[in-house]
There are 2 protein chains.
Amino acid sequence: MPLPAMPTPLLTPAANLIAASGGRVTRTRTAVLEVLQHSARSLNHDDIAAELAANGLPHDRVTLYRTLDWLVEQGLAHRVIGPDRARRFKAGGEISSPHAHFHCERCGHVLCLESIRPDERFTLPAGYEPERAELVFHGTCADCGRRRGAKA
Amino acid sequence: MPLPAMPTPLLTPAANLIAASGGRVTRTRTAVLEVLQHSARSLNHDDIAAELAANGLPHDRVTLYRTLDWLVEQGLAHRVIGPDRARRFKAGGEISSPHAHFHCERCGHVLCLESIRPDERFTLPAGYEPERAELVFHGTCADCGRRRGAKA
DNA sequence: GATCTAATGCTACAATGTTGCATTAGATCC
DNA sequence: GGATCTAATGCAACATTGTAGCATTAGATC
Ligand SMILES: [Mn+2]
Ligand SMILES: [Mn+2]
Ligand SMILES: [Zn+2]
Ligand SMILES: [Zn+2]
C-alpha cells in the first residue's frame with residue numbers, strides 16, 4: 001500500500017530558533033544547540049565535540065568554534081570564560097537574563113545561577129559606566145559536597 | 001680624601017618583601033614586583049615584558065611566567081583572567097582583600113576596585129560552598145568616558 | 001673567593017583559538 | 001524533481017598564551 005504523505009516535518013525547537021534568527025538551518029547548528037539545550041551545566045569545546053561525535057556527527061574544530069560564536073552572536077547561547085582560560089557554553093542568551101556562575105573546583109563543572117543577578121547591586125566610582133557584570137563563585141558544588149559526606 | 005664607608009645598602013620595599021618571603025632576591029623578581037607596584041592598573045604579560053625591556057632588563061618569556069606565578073604564590077601579587085583569556089597582574093595579595101575589577105572595553109585596561117568586595121552579599125543554593133567570588137564589570141572607564149565628552 | 005643550588009634561559013611542546021581558501025550543502029527559483 | 005547561488009563547512013597553516021625538561025648562571029652562605 002502507498003505510504004500516506006507526511007505532513008511538513010516539524011522542526012525541533014532548536015531548529016526553529018535557528019530559522020527565526022535568519023541563518024541557515026544546518027545539521028551542525030541544530031545538533032550543537034540541542035546538545036547545549038539538553039545539558040544542565042555549561043559545556044566546553046571538548047564536551048560538545050565529544051557529544052557530537054557520540055551522536056554520529058563528528059565535526060571540524062574550526063566549524064565548532066564558528067558555530068558556537070554564531071549561536072552567541074544570535075543570542076541563542078551564552079559563554080563564560082572558565083578559570084582554565086577555556087570558554088564554556090550554555091543555551092540561552094545572557095543579555096536578557098544576566099546571571100552569576102558557580103565553578104566547582106573539585107569536579108570542574110560550571111553551573112549557571114539564574115537566580116543571582118550581579119547587576120545593579122554595586123556603586124562604582126564616578127565616571128565608570130558598566131554595561132554588564134560578571135560574577136563567578138569558586139568552591140565546592142552540591143554534588144561534590146554530598147559525595148564527600150556531611151562535612152565538606 | 002677617602003670616601004666614607006657606605007652603610008648597608010637599603011633594600012627597596014619590593015626587595016624587602018621578596019626577602020621576607022624566603023626566596024632569593026633576584027634582579028628579575030625585584031624588577032617585576034616594582035613594575036607592578038608602580039602601576040595603577042593591572043598589567044598583562046606583554047606590558048610587564050615591555051616595561052622590563054625599557055628598563056634595560058629584557059627577560060625570557062618563561063622566566064617571566066615563573067616569576068609572576070611565584071609572586072602570586074607568595075601573596076605579593078594577584079591575578080585576574082581578562083576577557084582576552086590573558087592573565088593580568090597587580091601588586092598585593094588578593095586573599096587578604098578580595099575585590100572586584102573593572103574591564104574597560106574601549107582601552108582594554110583592567111582596574112582593581114578595592115572598595116567593592118564581592119563576597120558575602122549573595123545567598124547561594126543549598127549545598128554550594130563558595131570559597132571566593134570573582135566580580136568583573138565590563139564597560140567604559142572614567143578616562144575613556146571623559147575623552148569622549150560629556151555623553152559617553 | 002669557593003661552593004651549593006635556586007633561579008634563569010633555551011628549546012621544544014601543549015592548549016586554545018583564528019585566518020584563508022577550496023569544497024559542500026541549505027535555500028531558492030524554476 | 002533539478003539548476004543555481006552562496007552561506008556554511010572542512011582543511012591546512014598560523015597565532016597566542018602558557019608549560020616542561022634540562023643546561024647554565026648567579027644569589028646566598030661559608
Ligand atoms: Mn550561564
Ligand atoms: Mn585587583
Ligand atoms: Zn563539583
Ligand atoms: Zn578605558
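Order of the sequence lines fixes the chain letters, A, B, ..., with proteins taken first and strands second; residue numbering starts at 1 for each chain. Only heavy atoms go into these numbers, but all of them, side chains included; no hydrogens, no water, no symmetry mates.
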Looking at [X] and [Y], would you say the former's side chain and the latter's main chain have a donor-acceptor pair under 3.5 Å?
X: Arg88(B); Y: Val80(B); value: no
X: Ser39(A); Y: Leu36(A); value: no
X: Ser42(B); Y: Val110(B); value: yes
X: Asn55(A); Y: Leu57(A); value: no
X: Arg85(B); Y: Arg85(A); value: yes

Can you measure [X] atom [atom1] to [N] atom [atom2] for me and round it to whole angstrom units?
X: Asp84(A); N: dT16(C); atom1: CG; atom2: P; value: 7 Å
X: Leu64(B); N: dG18(D); atom1: CG; atom2: P; value: 11 Å
X: Arg88(B); N: dG18(D); atom1: CZ; atom2: C1'; value: 15 Å
X: Ile18(A); N: dA7(D); atom1: CD1; atom2: P; value: 18 Å
X: Arg29(A); N: dG10(D); atom1: CZ; atom2: P; value: 12 Å
X: Glu73(B); N: dA7(C); atom1: CD; atom2: C1'; value: 14 Å
X: Arg85(B); N: dG18(D); atom1: CZ; atom2: P; value: 8 Å

Kindly compute the distance separating [atom1] ([X]) from [atom2] ([Y]), expressed to the nearest 0.5 Å.
X: Arg66(B); Y: Asp60(B); atom1: CZ; atom2: CG; result: 7.5 Å
X: Ile48(B); Y: Glu51(B); atom1: CD1; atom2: CD; result: 9.5 Å
X: Leu68(A); Y: Thr63(A); atom1: CG; atom2: OG1; result: 10.5 Å

*In sequence, state the C-alpha distance, the side-chain angles, and the governing distance for His99(A) and His78(A), and then conclude on side chain to side chain contact (heavy atoms under 4.5 Å, CB included).*
CA-CA 11 Å; His99(A) 54 263; His78(A) 66 277; 3.3 Å; yes
*Can you give the dot-bracket line for DNA chain D, where a pair is Watson-Crick or G-U wobble with both atom distances under 3.5 Å, crossing pairs use [ ], and | marks a partner on another strand?*
||||||||||||||||||||||||||||||
Listed pairs, N/O of protein and of nucleotides 19-21 of chain D, under 3.5 Å:
{"from": "dT19(D)", "atom 1": "OP1", "to": "Arg87(B)", "atom 2": "NH2", "distance (Å)": "3.2"}

Between the protein and nucleotides 23-26 of chain C, list the N/O to N/O atom pairs that are separated by less than 3.5 angstrom.
{"from": "dG26(C)", "atom 1": "N2", "to": "Arg24(A)", "atom 2": "NH2", "distance (Å)": "2.9"}

*Phe122(B) vs Leu135(A), side chain to side chain contact (heavy atoms under 4.5 Å, CB included): CA-CA, chis, key distance, verdict*: CA-CA 10 Å; Phe122(B) 297 97; Leu135(A) 176 60; 3.5 Å; yes
*dT8(C) phosphate, OP1 or OP2: any side-chain N/O from Thr67(B) under 4.0 angstrom?*
yes
_Taking salt bridge (Lys or Arg N to Asp or Glu O under 4.0 Å) as the definition, give me every residue that meets it alongside Glu131(A), ordered by chain and number, with sequence neighbours left out._
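In terms of salt bridge (Lys or Arg N to Asp or Glu O under 4.0 Å), with neighbours along the sequence ignored, Glu131(A) is linked to no residue.
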*DNA chain C-proximal residues of residues 38-60 of chain B, any heavy atom under 4.0 Å*: His59(B), Asp60(B)
*Give the ring-plane orientation class for Tyr128(A) versus Phe102(B), where under 30° counts as parallel, over 60° as perpendicular and anything between as tilted.*
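Rings of Tyr128(A) and Phe102(B): perpendicular, over 60°.
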*asked:* Is it true that, when you exclude Arg27(B) itself, more than 12 heavy atoms of the residues, nucleotides or ligands shown sit nearer than 6.0 Å to its CZ?
replied: no
*Can you tell me which residue pairs pass the ring pair (Phe, Tyr, Trp, His ring centres under 6.0 Å) test with a partner in residues 55-76 of chain B, sequence neighbours excluded?*
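Listed by first then second residue: His45(B)-Tyr65(B).
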_5′-ward residue of the pair Ala86(B)/Gly23(B) relative to DNA chain D_ =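 First, find each residue's nearest nucleotide; the 5'-ward one identifies Ala86(B).
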